[in-house]
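Have a look at the structure below, then the notes.
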Amino acid sequence: MKLSICTDVMGDLSFTDMLDKCVKLGVEGIEMTGGGWSRGPHFRADELLADRSLLKTRLKEIEARGLEIAALNCSANPLDPGDMGKRHRKEMEDTIRLAGEIGVKKIVTMSGLPEAAPGDMVPNWLVYTKSWPNEMPERDRYQWEDRAFPLWRGLVKLADEVGVEKYALENFSAMLVWNPETLFRLRNEVGPKVGMNLDPSHLMWMGADPIASARALGDAIHHCHGKDTRIERGLADVNGLLELKDVTDVANRSWNYVAVGAGHDLQWWKEFFSVVRMVGYNDWVSLEMEDFTMSTEAGIQSSIDALQATISR
């Protein structure tokens, strides 16, 4: 495995300064974020498709520093029923076409989350029992069969046309695909081009064991994020793990995203990567830094130190 970094965390830097920072940090690759919810300015697909000269210049700068593009990332909700969904779908499609043009084979994204019934205008994450109330089975069927399956059949077709080989869907909350079971529900319908971006941090606060999840996923692991979560002692015991407080309200949350090693020790991470490698994944591990309990610089450096010490080479 090789270490890369999601570039969103350096969104305040210029493109050149961002690349130089990556070299200084000692990572080998970059997961270029742009489009969807990302505000990262470095690799916006619409901008680069419209300006081939700029695209060529940026690719040369990456190559000159000995870096590789690990994947293009467009974290988005293309199934949102409003205008955002239309924009996100276009930005995802632009990202896919850009990847095909520059020879990047992997897209990191999300499955999307639609409304629960025709005419609704708000995405609805259905994570309570499927058997009650009585409308639930139809809401579940509608989201998957009428909304998600057609979208992803089209995106798989587009990937085939441009030469993209893998979609890595992050197991993120408020998405149809949020764990191995839901990943296989989509994958079994649209094919093995769709796999998981295995992000252990989300599974941790959902109460799952990411090591067991890795075993269950096997060759459906298409990408891996290095990101940790700490369940906060005392608070989670009282309030449970469903958390709506702002991510910056770290002292009062039941759990927090933290630098790698600040939630689970290095022995845990060694086992995690060993199992991920054992089941067949031997590709990029991307640091995604979202720790608000410390400075960004400290979080990045401590996470890189931990990942360098634990990923399976």
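Everything quoted here is computed from the prediction, not taken from an experiment.
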Count the heavy atoms belonging to other residues, nucleotides or ligands that lie under 6.0 Å from CG of Asn134, then report whether that count exceeds 12. no
If Ile, Leu, Val, Met, Phe, Trp and Tyr residues are connected whenever their side-chain heavy atoms lie under 4.5 Å apart, and connections chain through other members, are Phe149 and Tyr142 in the same group? no
Test item: Asp120 side-chain N/O and Val122 main-chain N/O as donor-acceptor pair under 3.5 Å: no
Shortest non-hydrogen contact from Leu79 toward Arg147: O-NH2, 2.6 Å
Could you check if a side-chain atom of Ser173 sits within less than 4.5 angstrom of a side-chain atom of Met206, using non-hydrogen atoms only? yes
Would you check, one step at a time, whether the test side-chain hydrogen bond (donor to acceptor under 3.5 Å, both in side chains) holds for Ser274 with Ser312? CA-CA 6 Å; Ser274 176; Ser312 297; 5.0 Å; no
Counting neighbours of NZ on Lys245 that are heavy atoms of other residues, nucleotides or ligands and sit closer than 6.0 Å, is the number greater than 12? yes
Would you mind checking if Lys21 and Glu297 are paired as a salt bridge, meaning a charged N to carboxylate O distance below 4.0 Å? yes
State, yes or no, whether a side-chain contact exists between Leu183 and Val194 at a heavy-atom distance under 4.5 Å. yes
List the steps and the verdict of side-chain contact (heavy atoms from CB on, under 4.5 Å) for Asp209 and Leu203. CA-CA 7 Å; Asp209 177 354; Leu203 293 167; over 6 Å; no
What's the spacing between Asp80 CG and Arg87 CZ if we round to 0.5 Å? 9.5 Å
Heavy-atom count around Leu242 CG within 6.0 Å, excluding the residue itself: above 12? no
Rounding to 0.5 Å, atoms CE (Met196) and CG (Asp219) come to a distance of 13.0 Å
Close side-chain approach of Tyr128 to Met136, heavy-atom, < 4.5 Å: yes
dist Leu25:CG -> Gln301:CD (nearest 0.5 Å) comes out at 6.0 Å
What are the two closest non-hydrogen atoms of Lys227 and Pro200, and how far apart are they? O-CG, 3.6 Å
Between CD on residue Glu170 and CG on residue Leu198, distance to nearest 0.5 Å: 10.0 Å
Taking the basic N atoms (NZ, or NE/NH1/NH2) and the acidic carboxylate oxygens, is any pair closer than 4.0 Å for Asp94 and Lys90? yes
Is the side chain of Ser303 donor-acceptor paired with the backbone N or O of Ala259 at a distance under 3.5 Å, no angle test? no
Are any side-chain N or O atoms of Thr7 and backbone N or O atoms of Thr33, one a donor and one an acceptor, separated by less than 3.5 Å? yes
Crowding at CG, Asp83 (>12 non-hydrogen neighbours, <6.0 Å): no
Tell me if the aromatic rings of His223 and Tyr167 count as close, with their centers under 6.0 Å from one another. no
Within-4.5 Å side-chain heavy-atom neighbours: Val275 and Met278: yes
Could you check whether atom CZ of Arg141 has more than 12 heavy atoms from other residues, nucleotides or ligands sitting under 6.0 Å from it? yes
I'd like to check His42 versus Ile30 (side-chain heavy atoms, cut-off strictly below 4.5 Å). Are they in contact? no
Nearest atoms (heavy-atom pairs only) where Pro123 meets Leu113: CB-O, 3.4 Å
Would a distance-only check, ignoring hydrogens and angles, find a side-chain to backbone donor-acceptor pair under 3.5 Å from Trp125 to Met175? yes
Is a side-chain donor-acceptor pair under 3.5 Å present for Asp228 with His264? yes
Show the nearest heavy-atom pair for residues Glu288 and Cys6, with the distance to one decimal. CB-SG, 4.0 Å
Does Val260 share a hydrophobic cluster with Val108, counting links as ILVMFWY side-chain heavy atoms below 4.5 Å and allowing steps through other members? no
In short, Asn171 meets Trp178 closest at the heavy-atom pair CB-O, 3.4 Å
Keeping the roles fixed (side chain from Thr310, backbone from Lys270), state whether a donor-acceptor pair exists under 3.5 Å. no
Dump the intermediate steps for side-chain contact (heavy atoms from CB on, under 4.5 Å) on Leu55 and Phe43, then the final yes or no. CA-CA 9 Å; Leu55 173 60; Phe43 220 74; 4.1 Å; yes
Are there over 12 heavy-atom neighbours, none belonging to Lys157, within less than 6.0 Å of that residue's NZ? no
Would a single hydrophobic cluster contain both Met110 and Val104, if residues Ile, Leu, Val, Met, Phe, Trp and Tyr are joined by side-chain heavy-atom contacts under 4.5 Å? yes
Does the ring of Trp255 carry Arg253 above it, NZ/CZ under 6.0 angstrom from centre and within 45° of its axis? yes
One thing to verify: whether Glu101 and Arg97 come together as a salt bridge, which I'm taking to mean a side-chain N less than 4.0 angstrom from a carboxylate O. no
Any side-chain heavy atom of Tyr257 sitting closer than 4.5 Å to one from Asp291? no
List the steps, then state whether side-chain contact (heavy atoms from CB on, under 4.5 Å) holds for His222 with Lys193. CA-CA 9 Å; His222 282 184; Lys193 194 177 290 286; 5.7 Å; no
Would you call Phe273 and Met1 a side-chain contact if the rule is heavy atoms closer than 4.5 Å? yes
Intermediate values then yes/no, side-chain hydrogen bond (donor to acceptor under 3.5 Å, both in side chains), Thr182 and Asn179: CA-CA 6 Å; Thr182 50; Asn179 63 9; 2.7 Å; yes
So does Gly234 get a backbone contact from the side chain of Asp237, meaning a donor-acceptor N/O pair under 3.5 Å? yes
Counting C-beta onward and ignoring hydrogens, is there a side-chain heavy-atom pair between Arg139 and Leu126 closer than 4.5 Å? yes
What's the shortest heavy-atom distance between Pro150 and Asp146, and which atoms? CG-O, 3.5 Å
Full working for side-chain contact (heavy atoms from CB on, under 4.5 Å) between Thr109 and Met92: CA-CA 8 Å; Thr109 185; Met92 280 180 62; 3.5 Å; yes
Using only atom types and a distance under 3.5 Å, with no angle test, would you say the side chain of Asn73 pairs donor to acceptor with the backbone of Met32? no
Do side-chain atoms of Arg44 reach the backbone of Gly34 as a donor and acceptor pair under 3.5 angstrom? no
Can you confirm whether Glu138 is buried at CD, in the sense that more than 12 heavy atoms of other residues, nucleotides or ligands lie under 6.0 Å from that atom? yes
Shared hydrophobic cluster, Val258 / Leu235 (ILVMFWY, side-chain heavy atoms < 4.5 Å): no
Within this structure, what is the CD-CG distance for the pair Gln308 and Leu287, rounded to the nearest 0.5 Å? 10.5 Å
Distance-only polar pair, side chains of Ser53 and Asp51, donor-acceptor under 3.5 Å: no
Looking at Gln143 and Pro114, would you say the former's side chain and the latter's main chain have a donor-acceptor pair under 3.5 Å? yes
Consider only side-chain heavy atoms of I, L, V, M, F, W and Y, link residues closer than 4.5 Å, and tell whether Trp37 and Phe172 are in one cluster. yes
Quick one: does Lys106's side chain have a donor or acceptor within less than 3.5 Å of a partner on Ala168's backbone? no
Inter-residue atom distance Ser14.OG - Asp20.CG, 0.5 Å rounding: 8.0 Å
So, are Asp140 and Arg185 salt-bridged, with charged N and O less than 4.0 Å apart? yes
With respect to Leu169, which candidate in Leu186, Leu176, Asn197 satisfies the side chain to side chain contact (heavy atoms under 4.5 Å, CB included) definition? Leu186
